[in-house]
Amino acid sequence: MSVAATDSPERSGAHPRSESSAPSASSAVYDVCIVGSGAGGGMAAYTLTKGGARVVLLEAGPPWYATKDSKMLFPEYASPRRGKGSKYKPFGEFDGCIGGWDIEGEPYTRAPGTTFDWWRARMLGGRTNHWGRISLRFGPDDFRGKSRDGLGDDWPIGYSDLAPYYDQVDELIGIFGSAEGLPNHPDGKFQPPPKPRCYELMIKQACDNLGVTCIPSRLSILTKPIHGRMACHYCGQCGRGCGVAANFSSPDVLIAPALKTGRLTLITNAMAREVIVGKDGLAEGVSYVDKTTGQERTVRAKVIVLAASACESARILLNSKSAQFPNGLANSSGVVGKYLTDTTGAGVGGFIPKMMDHVDHNEDGAGGAHIYSPWWIDNKKLDFPRGYHIEMGGGLGAPGYGFMGGIQEYPSGGGYGKQLKADYRKYYGASVYFSGRGEMIPNADSYCEIDEKVVDKYGIPVLRFHWKWSDHEYLQVKHMQETFRALIADMGGQVFDPMPSKEDGYGIAAGGRIIHELGCVRMGADPNTSVLNANCQAHDCKNLFVADGGPFVSQADKNPTWTILALSMRTSEYILAQRAGGAI
Ligand SMILES: Cc1cc2nc3c(=O)[nH]c(=O)nc-3n(C[C@H](O)[C@H](O)[C@H](O)COP(=O)(O)OP(=O)(O)OC[C@H]3O[C@@H](n4cnc5c(N)ncnc54)[C@H](O)[C@@H]3O)c2cc1C
Ligand code: SF4
């Protein structure tokens, strides 16, 4: 059994408890068992242990701390594959993630006609080790979509319920940005943002010309030291994990301080199978497979918090069948697995001739763009509901494998020898890239369920996905394509790829590809149409909670993780209050 608590005793500085030194599964009853240690699970572990609860955390992957394990500052040429990605490292050899679209021995299936790809991390901290750190609050409108345009459903909570938690997350984790006072893009407790790079200033100029709002990015990267963590030194390699913890990852920022309390027992390489329910219908514990020995084990707790990621938490619930809950735990509504959404996505790149042969200049900075465009148009003027934001790319990043792929498309580009090298120098830094990230409306055709015929290598039944975009999403992505092409044209640039046709879905990324899957365990006021109440507590089982992207009622034109963190903190404080009052 691998136990992260003993893995980093110098970091914990306390007396971390390993599973083997803890009371045996039959005698130890923890206050709370959390499944998953990513954004949601990490925040739950932090808040609950700080609040005095004795917590056991089951994590399917091995221990991993960026401050110890990151490949920050390794040159690409130090790798035999020059940093090239592979099946199990799709974003490059030095990327901070263990996981990917395919995991050996852990399949998932798709219904006929479905295109959906499911990204999974398998490591302490989950996807927070290599995420983009774009940290956006949902705005007031994002919680009441149905009231605005009749589509989807409203959340049972509003922005004002979450605002105090967003504030606390900002101050605990750290985020840079600028106060803008925009109506549906609430400002936070920001550290100063870094200045825009040269190409970003040019993009900003084009945005200004076309009336597209363009403001400093909001990233969970420190520009000032806090809580013993250093400020960013602008190496631009956040995706590898930050060796000095200047950006947010769950293990270094949440799990390590939780371990320090001495109240967290961390069990890594523990693949949760199901939630065990007692005769009284309450959750009693979680059964899991010890991946290092293959043994079946159980932990017992008074409260269970699932935070294994939206679809995986749904999978655990659907696999938790018992006499009281024959359709899976907390599923009397039949809604577990339903209303699965992902962010819409499309991208366009362009060559900007006036940026070639540039004078040498410094474009170091934080990992990710220093500017972005929040949604800026009133949908009443458009033929689709809900918006998107724009993420920008370009500049002089350190060259690696696949650097400037497609050079033959540039004027006089390609060929061999001296001319090719000269072209690389000429065109290096002379292109920009725009990615749209937009809101999908939940629909009845996009969901996951248990595939009764397939199990993973642990014998756990797997998920089967169903997926369909609607015209709302296709038309939104068409608008992205047109906007990005207009921005590049305004910069005097050239787009090499033709505008994708309607038949090609206007270039929309496949479901799951933007890796923002949400829903499947949604919250709501009505137990007939939702799984959880407004506190992310199961309607059917009062000591069961979900603290990842599962409770989301809808997407927004924002990335979800800041909201997962704020919701998880709110849920955890509710659990502490309920425990203090003896209700659970
Ligand atoms: C490349 C990339 C870039 C991204 N960029 C952004 C961004 O800029 N902004 C943003 O807001 N979001 C971004 N995201 C999405 C973001 O990473 C997720 O929203 C967030 O991490 C979700 O948190 P989570 O706790 O739900 O799940 P995760 O972070 O995925 O954590 C789930 C954890 O549960 C564990 N687990 C799963 N199943 C089991 C099981 N059966 N038993 C035990 N443990 C289990 C996993 O190993 C994992 O550690 C990005 C994601 C990727 C991959
Ligand atoms: S850019 Fe900053 S936050 Fe990102 S890895 Fe480098 S030092 Fe860390």
Side-chain angles (χ1 to χ4, degrees), residues 113-117 136 138-139 141-154 182-185 206-207 210-214 339-350 372-392 433-447 465-490 495 497-519 552-560:
T114 280
T115 311
F116 184 88
D117 298 318
L136 304 175
F138 279 24
D141 288 351
D142 300 322
F143 296 92
R144 47 186 172 88
K146 186 169 187 179
S147 300
R148 281 161 50 224
D149 57 23
L151 297 167
D153 271 298
D154 287 349
L182 298 169
N184 197 41
H185 309 284
C207 287
L210 298 187
V212 176
T213 304
C214 181
Y339 305 107
L340 167 63
T341 56
D342 188 22
T343 294
T344 58
V348 180
Y372 92 111
S373 290
W375 179 236
W376 69 102
I377 310 178
D378 179 355
N379 285 89
K380 294 196 185 86
K381 300 176 187 156
L382 299 168
D383 58 358
F384 60 90
R386 317 291 172 90
Y388 61 88
H389 73 268
I390 312 176
E391 300 175 6
M392 287 79 171
Y433 197 83
F434 297 96
S435 304
R437 297 284 180 262
E439 178 172 354
M440 170 194 182
I441 311 276
N443 67 58
D445 296 316
S446 300
Y447 63 97
F465 288 94
H466 300 250
W467 189 260
K468 236 181 217 173
W469 296 115
S470 75
D471 279 348
H472 299 317
E473 287 82 41
Y474 287 123
L475 290 170
Q476 185 195 71
V477 162
K478 176 170 178 265
H479 192 272
M480 291 180 192
Q481 292 276 0
E482 289 163 352
T483 304
F484 303 161
R485 284 157 201 274
L487 286 167
I488 290 166
D490 189 84
V495 176
D497 297 324
M499 171 84 184
S501 65
K502 184 178 178 185
E503 291 65 39
D504 291 331
Y506 302 110
I508 194 168
R513 276 275 151 183
I514 307 300
I515 324 180
H516 289 167
E517 67 286 350
L518 298 174
F552 281 50
V553 178
S554 61
Q555 291 266 345
D557 48 64
K558 290 93 179 171
N559 318 46

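The structure presented is a predicted model; accordingly, all values stated were derived computationally and were not measured. All residue numbers in this chain count up from 1 along the given sequence.
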Sort out for me which residue in Asp153, Ile441, Val553 forms a side-chain contact (heavy atoms from CB on, under 4.5 Å) with Lys146. Asp153

side-chain contact (heavy atoms from CB on, under 4.5 Å) for Gln481 and Val495? Distances and angles first, verdict last. CA-CA 11 Å; Gln481 292 276 0; Val495 176; over 6 Å; no

Trace of the side-chain contact (heavy atoms from CB on, under 4.5 Å) decision for Leu182 with Trp376: CA-CA 9 Å; Leu182 298 169; Trp376 69 102; over 6 Å; no

State which residues pass side-chain hydrogen bond (donor to acceptor under 3.5 Å, both in side chains) with Thr114; sequence neighbours excluded, sorted by chain then number. none

Mind checking the OH-OG1 spacing from Tyr388 to Thr344? Nearest 0.5 Å is all I need. 9.5 Å

What pair of heavy atoms forms the shortest contact from Lys468 to Asn443, and how long is it? O-ND2, 2.9 Å

Does the side chain of Asp557 come within less than 4.5 Å of His185's, by heavy atoms? yes

Criterion side-chain contact (heavy atoms from CB on, under 4.5 Å) against Met440, the qualifying member of Ser554, Ser470, Ser446: Ser446

Assess the residue pair Tyr506 and Met499 against the criterion (side-chain contact (heavy atoms from CB on, under 4.5 Å)); give the C-alpha distance rounded to whole Å, side-chain angles, the decisive distance to 0.1 Å, and a yes or no. CA-CA 7 Å; Tyr506 302 110; Met499 171 84 184; 4.1 Å; yes

Looking at Gly387, is its backbone amide N or carbonyl O close enough to the side chain of Gln476 to form a donor-acceptor pair, meaning the two atoms are under 3.5 Å apart? yes

Straight-line distance of Phe116 CZ to His466 NE2, nearest 0.5 Å: 11.5 Å

Residues Val212 and Ser373: closest non-hydrogen pair is CG1-OG, 3.6 Å

Selection residues 373-385 - residue pairs positive for salt bridge (Lys or Arg N to Asp or Glu O under 4.0 Å), sequence neighbours left out: none

Heavy-atom closest pair, residues Glu439 and Gln555: OE2-O, 3.2 Å

Point-to-point distance, once rounded to the nearest 0.5 Å, from CZ of Arg485 to CE of Met480: 13.0 Å

For Leu487 and Phe434 the tightest heavy-atom approach is CD1-CE2, 3.8 Å

Would you please test His479 and Ile377 for side-chain contact (heavy atoms from CB on, under 4.5 Å) and show each step? CA-CA 11 Å; His479 192 272; Ile377 310 178; 3.5 Å; yes

dist Asp154:CG -> Asp142:CG (nearest 0.5 Å) comes out at 11.5 Å

Closest heavy-atom contact between Pro385 and His472? CD-ND1, 3.3 Å

Would a distance-only check, ignoring hydrogens and angles, find a side-chain to backbone donor-acceptor pair under 3.5 Å from Asn379 to Phe384? yes

Could you give all pairs that pass the salt bridge (Lys or Arg N to Asp or Glu O under 4.0 Å) test and reach residues 502-515, with sequence neighbours left out? Asp117-Arg513

Measure up the Phe138 and Phe552 rings against each other and bin them: parallel (under 30°), tilted (30 to 60°), perpendicular (over 60°). perpendicular

Keeping Asp445 on the side-chain end and Trp467 on the backbone end, is there a donor-acceptor pair under 3.5 Å? no

